[in-house]
Amino acid sequence: MPTLTRFVTILIVCAAAIYAAAFLLANFVQPTRVEERIELPIEDLLERAERRERAARPNITPQQGAEASAEEEADRQDGTQ
């Protein structure tokens with residue numbers, strides 16, 4: 001039984017030391033504030049967004065678009081989709 005008591009005592013001392021260190025760090029150490037400025041290249045970001053938008057759009061010619069919309073309208077009238 002003395003071995004178990006010694007082990008539990010060591011655990012309690014370690015837990016108390018960790019708790020004390022956390023308490024001291026939280027209450028007595030002040031963080032240093034540093035102003036940080038990040039400049040974003042707006043033109044590059046806009047170009048990238050435009051390229052992504054163009055890549056996401058399907059390449060449909062006006063004639064294909066009209067045919068697709070006519071097919072969709074016919075499907076709606078038939079009640080099938």
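Every value quoted in this text rests on a predicted model; they were computed, and no experiment measured them.
- Both Leu45 and Ile38 belong to a common hydrophobic cluster when Ile, Leu, Val, Met, Phe, Trp and Tyr are linked at side-chain heavy-atom distances under 4.5 angstrom.
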Please lay out, stage by stage, how Thr3 and Phe7 fare under the test side-chain contact (heavy atoms from CB on, under 4.5 Å). CA-CA 6 Å; Thr3 307; Phe7 178 69; 5.7 Å; no

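- Remark: of the listed residues Leu4, Val8, Ile10, Thr9, Ile10 is the sole one forming a side-chain contact (heavy atoms from CB on, under 4.5 Å) with Arg6.
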